[in-house]
2 protein chains.
Amino acid sequence: MDKRVTIRDIARKTGVSVATVSNVINGVNKASEQTKKIVLQAIKEMGYQPNLTARSLSVNRSRMIGVLLPIDESTSASLLLRDNPFYGEFISGVEYQAMMSGYDVLISGFRPGQSCREWILKRDLDGIVFVGNYTAAVSNDAKEFGSQLVLVDSYDEGLQKHHSINIDDVQGGYAAAKHLLDLGHKNIAIAASNILVDGAIYRRFCGYKDALAESGIFLRNDFIFQDTLSFDGGYRIGLRLLEQTDKISAVFAVADIMAFGIIKAFYENGKQIPRDLSIVGFDDIKTCEYIIPPLTSVHQPVYEKGITAVNILVDAIKNPDIPKRNVLFPLKLTERGSAMNFCERRVCASASL
Amino acid sequence: MDKRVTIRDIARKTGVSVATVSNVINGVNKASEQTKKIVLQAIKEMGYQPNLTARSLSVNRSRMIGVLLPIDESTSASLLLRDNPFYGEFISGVEYQAMMSGYDVLISGFRPGQSCREWILKRDLDGIVFVGNYTAAVSNDAKEFGSQLVLVDSYDEGLQKHHSINIDDVQGGYAAAKHLLDLGHKNIAIAASNILVDGAIYRRFCGYKDALAESGIFLRNDFIFQDTLSFDGGYRIGLRLLEQTDKISAVFAVADIMAFGIIKAFYENGKQIPRDLSIVGFDDIKTCEYIIPPLTSVHQPVYEKGITAVNILVDAIKNPDIPKRNVLFPLKLTERGSAMNFCERRVCASASL
DNA sequence: CTATGTTTGTTAACCGTTTAACTTTTTCTG
DNA sequence: CAGAAAAAGTTAAACGGTTAACAAACATAG
C-alpha cells in the first residue's frame, strides 16, 4: 500500500550517494550538471516527495506554523470561528501567505488552562500566531523553545517585547463617533460589552470619548450601555434605547453584531433606522452589506492582518534577531445607510407625522 | 535556547533504558510499578514532552489530519472561508473533534491543478477531510499512500467507494418549496446559480421541482432565474423579479446570500418582504437571524458535519477496513419572517392601497 | 611534473522515537 | 530445589532525511 519512495531509492537507482541526492534536492551546489540532471530525472520518474517529517527531525525545523485561536468561553469547546465570520477571513489570509512562503498551518483553539509549550514541543512548530488575549506564559513558552511568536489583537500594552499586530481601536472609536458628530448628532450613546474587561472595547470607548470631548460634549454616564458582546446583548440594549429616542439620536456599537441586535429591536417595535436612530458599527463584517439598511461600520482589514502576521512570523523565523515589529492598522469608516444627518432626520420624522 | 528534554535524558536520569521509558510513556505493560513511578516522576520533573515528529517518523503515523478546502476561483488565492462564514463553522467542528480524538489539524486550500498526494506524502497525514468537488485523483492519492479520506459535500454519485458526508439537498429543496406551497403560493420562482454546473444546486432544484409536481403545478421555465451564486447575483435576480410581482408571489433562493441580494433589490425599490414577495433561503447562515425580516431558510448542520467528518475519519484511521460510511444529513427548514401566507398577503397588500 | 586548489563526490553520525529480538531476573510449579 | 514460565528490562536497528568531515578526480599554475 504505502509505496513511499525515499532518498535512498533515488540514490540506488542513479548510482550516487544519498548525500548527493540530498544536496541536489536542496540546491546545494556540489554536484555536476550531469549528475544533477540524472538525479532530478529519477526524482521525477519515481514520483519522489521529500518527507518533511524526517527533515524536521533532522534540522529541528518543521516548516509548520501554528495558529492559536480564542475559544467560545461559554462552551469551552468550539473555536470562536463558529459564530464569528471574522476569524475565518483571518485564517484565510494566514493560509494564503503561509502557502506562499512554503509553510503549512496548524490550527487549534487556545483553551483555558492550556499552555502552548506542549504544542510547540510536540510538533516542532517554527512559529505561532497567537490571536486574542495574550498571557505571559505563552511568550515564555515560545521563547524557551525557539519558536517565533506574533501576537494578534493581544495588545501587549507593556514593553513591546513581541511582534504584534493590532488595529487602532482608539482611532476607530474616534472615527465612529466623529462620523456621527459630523452628521450633527449631539446625543450619542455607546453600546458596548463590559468596558473594563476587554482591552479592545475599552480602547474603542476611549476613542469615542475623545471625539465627544473634542466637540465639547460632556460624556454622560447614562449614555453608556453595557451588555454581552453578542447579537442578544445588542438586542437588549436596543430595547433600552427605544425608551429614550427623545434623548438619544445616535449610537456607536462597538461590534457589528451588537448593532444588528439593536436594529432588530427597533424594527420589531416599528421604528426605523436611520430615521429614529443613527447607528455606526465596528468590524465591518460581510453581513453589514446585506442588512437593511446596510450598516455603516468601522472597517478592519482582517484578511490583511492574516497576511501580515505570517509575513512577520516568517521573517522572524528566518532571522530570529530582527527587532520586534509592532504593526498598528489604521481603521477607516465605511459609510453605508445606517447613519443620517441629524437635521434631515427631523425633517423626515415630522414628514411622517 | 532550545532545551528539549528527550527520552534519553529521562533514561539517563532514572537509570533505565530508553526502551523502558518509551514503554512507560506508551502504556506498554512491561515495566514494574516501581520503575513506572520513577519514570513518570522524572518525566514530570524534567518537563518532558514526546516529540511527535520523531514518533511520526518511527511509526509512520503523524496524528495529524488535513482539511482541504475549496478556493475562491476568481482570485485562485484565498480560501472560500473568506466570504463564507459557513466554512469557519465547519472548521470549528473539525478542530474540536480532532482535539478530542488526539489529532492535530492542518488546513489548506485545494488549488486548481494541485494534487493532495504531495501533502499526504510530505506530512505523513493520517487522513484528510476533503471539502467540495471531488476528483478521482484525490482518492487515488489517498488510497495509494495509506491516508484515509472523508469527502464532504462532494456527492460522489458513483459507487460509494469513499466515506462521505452530505446534506440531503433534494429533500432540502423540497422542504423549501413545500413550505411556500403550504402557505398557499402557486407561482414560486427559483433563484439559483447555473443549475447544470453545480451538483448540489441541481439537487436543490430537483427537490423544488418535485414539490411543485406533487402539488400538480407545472414547472415554468421563465420561473427559473439563474445568476452567480453571490449576493450580487441575487441582487440582479431581485431586479428581474421586481418586474413580475404580479405573476410571482414567492421565490426559493438556493443560497442565503442570493436571498439577501433579492431582499436588497426589493428594499431599494420600496417593496417589502414578505408582503410583496415571500422568500425562503438555503444554508441558514448566522446572518439569517440578523437580517430584516429574518430569513426563513433550510438549515444545514455545518458544525455537526465537521464533528462527524472527524469521527468517521478517526474510525477509518484506526481500522482501515471498516466498510465505507455515507452520511446524508436530513435538513430542516427554520421558519422566520420572510415567507407569509399567500392570502394574508393579499389582505395586507390591499390594506396598504 | 609537482604542488595546489577546485569540483564532485562519499561516509557515517545524528535528529528522537519505536519495537523486534534478546537477556536477565523473578515467580511459580511439581 | 530444579526447571519452566512469566515479568522486567536491554540492545540495536529502523524510520527518512541532513551535514560535517573526509576523499578522489580533475584542472591550473609555476
Side-chain angles (χ1 to χ4, degrees), chain A residues 1-40 43 46-64 118 120-126 145-146, chain B residues 2-40 42-43 46-64 118 120-126 145-146:
Chain A
M1 169 168 23
D2 207 328
K3 37 179 98 168
R4 160 157 258 137
V5 178
T6 75
I7 207 172
R8 270 171 247 271
D9 296 326
I10 303 290
R12 198 172 312 124
K13 165 143 186 179
T14 56
V16 301
S17 69
V18 289
T20 297
V21 176
S22 175
N23 284 332
V24 169
I25 291 168
N26 295 297
V28 176
N29 205 19
K30 258 188 142 191
S32 65
E33 288 306 317
Q34 174 70 335
T35 34
K36 253 188 220 167
K37 195 161 291 174
I38 294 174
V39 169
L40 290 176
I43 286 178
M46 304 183 70
Y48 167 78
Q49 270 294 332
N51 179 332
L52 296 192
T53 303
R55 195 201 308 253
S56 296
L57 187 59
S58 188
V59 301
N60 207 25
R61 278 285 174 90
S62 63
R63 286 220 149 239
M64 292 195 293
E118 203 186 329
I120 296 175
L121 276 178
K122 279 201 307 199
R123 294 288 182 195
D124 257 344
L125 299 181
D126 291 351
F145 302 104
Chain B
D2 207 329
K3 37 179 98 167
R4 159 156 258 138
V5 178
T6 75
I7 209 172
R8 267 172 251 272
D9 297 326
I10 303 290
R12 198 172 311 125
K13 167 143 184 177
T14 57
V16 301
S17 70
V18 291
T20 297
V21 177
S22 176
N23 283 333
V24 170
I25 291 170
N26 295 296
V28 176
N29 205 20
K30 257 189 144 189
S32 65
E33 288 306 316
Q34 172 71 334
T35 33
K36 256 188 216 167
K37 197 161 290 174
I38 294 175
V39 169
L40 290 175
I43 285 177
M46 305 182 72
Y48 167 78
Q49 270 295 330
N51 180 332
L52 296 193
T53 303
R55 194 200 310 251
S56 296
L57 187 58
S58 188
V59 303
N60 206 26
R61 277 285 173 93
S62 62
R63 286 220 149 238
M64 292 195 294
E118 204 185 328
I120 296 175
L121 276 178
K122 278 200 308 198
R123 294 288 181 196
D124 258 342
L125 299 181
D126 292 350
F145 302 105

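Convention: sequence-line order gives letters A, B, ...; per-chain numbering from 1. Only a predicted model underlies this, so the values are computations on that prediction, with no experimental measurement involved.
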Q: For a quick check of understanding: with a heavy-atom distance under 4.0 Å over all strands, which category does B/Ala19 fall into, base, sugar-phosphate or nothing?
A: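 B/Ala19: base contact, heavy atoms under 4.0 Å.
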
Q: What is the distance from CZ of B/Arg123 to P of D/dG16, rounded to the nearest Å?
A: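 Rounded to whole Å, this separation is 16 Å.
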
Q: Is it true that a side-chain atom of A/Thr14 and a backbone atom of A/Ile10 form a donor plus acceptor pair closer than 3.5 Å?
A: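 Such a contact is found between A/Thr14 side chain and A/Ile10 backbone.
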
Q: Could you give the CG-to-C1' distance, from B/Asn23 to C/dC22, as a whole number of Å?
A: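 So the CG-C1' distance, B/Asn23 to C/dC22, works out to 14 Å.
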
Q: Answer yes or no: is there a donor N or O on one side and an acceptor on the other, between the side chain of A/Ser58 and the main chain of A/Ala54, under 3.5 Å?
A: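 Such a contact is absent between A/Ser58 side chain and A/Ala54 backbone.
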
Q: Using atom NZ of A/Lys36 as one end and atom P of C/dG9 as the other, report the distance to the nearest whole Å.
A: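 Result: 10 Å.
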
Q: How is A/Thr53 classified with respect to the nucleic acid when contacts are heavy atoms under 4.0 Å: base, sugar-phosphate, or nothing?
A: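 If one applies the 4.0 Å heavy-atom cut-off, A/Thr53 turns out to touch nothing in the nucleic acid.
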
Q: Looking at OG1 of A/Thr6 and CE of A/Met46, how far apart are the two atoms once the value is rounded to the nearest 0.5 Å?
A: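 Answer for the OG1-CE pair, A/Thr6 versus A/Met46, is 8.0 Å.
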
Q: Check whether A/Asp124 reaches the backbone of A/Arg61 with its side chain - one donor and one acceptor, N or O, closer than 3.5 Å.
A: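 The answer is no, because no donor-acceptor pair under 3.5 Å joins these two groups.
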
Q: Answer with base, sugar-phosphate or nothing: what part of the nucleic acid does B/Asn26 contact at a heavy-atom distance below 4.0 Å?
A: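 If one applies the 4.0 Å heavy-atom cut-off, B/Asn26 turns out to touch the sugar-phosphate alone, with no base involved.
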
Q: Remember a base hit wins even if backbone is also touched, and classify A/Thr6 as base, sugar-phosphate or nothing at under 4.0 Å, heavy atoms.
A: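 Sugar-phosphate: the residue A/Thr6, judged by heavy atoms under 4.0 Å, touches backbone atoms but no base.
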
Q: Whole angstroms only, please: what is the CG-P distance between A/Leu52 and D/dC15?
A: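 One finds 18 Å between P of D/dC15 and CG of A/Leu52, rounded.
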
Q: For the pair made of NZ in A/Lys122 and P in C/dG16, what is the distance, rounded to whole Å?
A: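 Atom NZ in A/Lys122 sits about 18 Å away from atom P in C/dG16.
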
Q: Closest approach to the side chain of B/Val16, judged atom by atom: which nucleotide of D/dT19, C/dG9, D/dT10 is it?
A: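 Of the candidates, D/dT10 comes closest.
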
Q: Which of the following nucleotides, D/dT18, D/dT10, C/dG9, is nearest to the side chain of A/Val59?
A: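 The answer is D/dT18, which lies nearest to the side chain.
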
Q: Taking the minimum atom-to-atom distance to the side chain of A/Tyr48, which one of D/dG17, C/dC15, C/dT10 wins?
A: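 The closest nucleotide is D/dG17.
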
Q: So what does A/Gln49 hit on the nucleic acid, given a heavy-atom distance under 4.0 Å: a base, only sugar-phosphate, or nothing?
A: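 Here A/Gln49 touches the backbone only, sparing every base.
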
Q: Looking at C/dG16, D/dG9, D/dT10, which one has an atom nearest to any side-chain atom of B/Asn51?
A: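 Looking only at side-chain atoms, B/Asn51 lies closest to C/dG16.
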
Q: Counting heavy atoms from C-beta on, name the nucleotide in C/dT19, D/dC15, D/dG16 closest to the side chain of B/Ser58.
A: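 Nearest listed nucleotide: D/dC15.
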
Q: Let me know the distance between CG of A/Asn60 and P of C/dG16, rounded to the nearest Å.
A: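 Between P of C/dG16 and CG of A/Asn60: 7 Å.
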
Q: Whole angstrom is fine here: how far is it from CZ in B/Arg12 over to P in D/dT10?
A: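 Rounding to the nearest Å, CZ of B/Arg12 and P of D/dT10 are 14 Å apart.
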
Q: Quick check: on DNA chain C, is the nucleotide nearest A/Ala54 upstream (toward 5') of the one nearest A/Gln34, or the reverse? Name the residue that is more 5'.
A: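 Here A/Gln34 is the residue nearer the 5' end.
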
Q: Can you measure B/Arg61 atom CZ to D/dA14 atom P for me and round it to whole angstrom units?
A: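 So the two atoms are 22 Å apart, to the nearest Å.
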
Q: Give a yes or no answer on whether the side chain of A/Asn26 reaches the backbone of A/Val28 with a donor-acceptor pair at less than 3.5 Å.
A: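 Not at all, since once roles are kept as given, no pair shorter than 3.5 Å links the two residues.
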
Q: Name the closest nucleotide to the B/Ser32 side chain, picking from C/dT17, C/dT11, D/dG9.
A: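 Closest of the options to the side chain of B/Ser32: D/dG9.
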
Q: Just one of B/Leu40, B/Val21, B/Ile43 clears the side-chain contact (heavy atoms from CB on, under 4.5 Å) bar with B/Tyr48, so which one?
A: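 Exactly one pass, corresponding to B/Ile43.
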
Q: Counting only side-chain heavy atoms from C-beta out, which of C/dT10, D/dT10, C/dT17 sits nearest to B/Ile7?
A: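 Out of C/dT10, D/dT10, C/dT17, the nucleotide with an atom closest to B/Ile7's side chain is C/dT17.
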
Q: Taking for each residue the nucleotide of DNA chain C bearing the nearest heavy atom, is the 5' side occupied by A/Asn29 or by A/Arg8?
A: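 Final value for this comparison: A/Asn29.
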
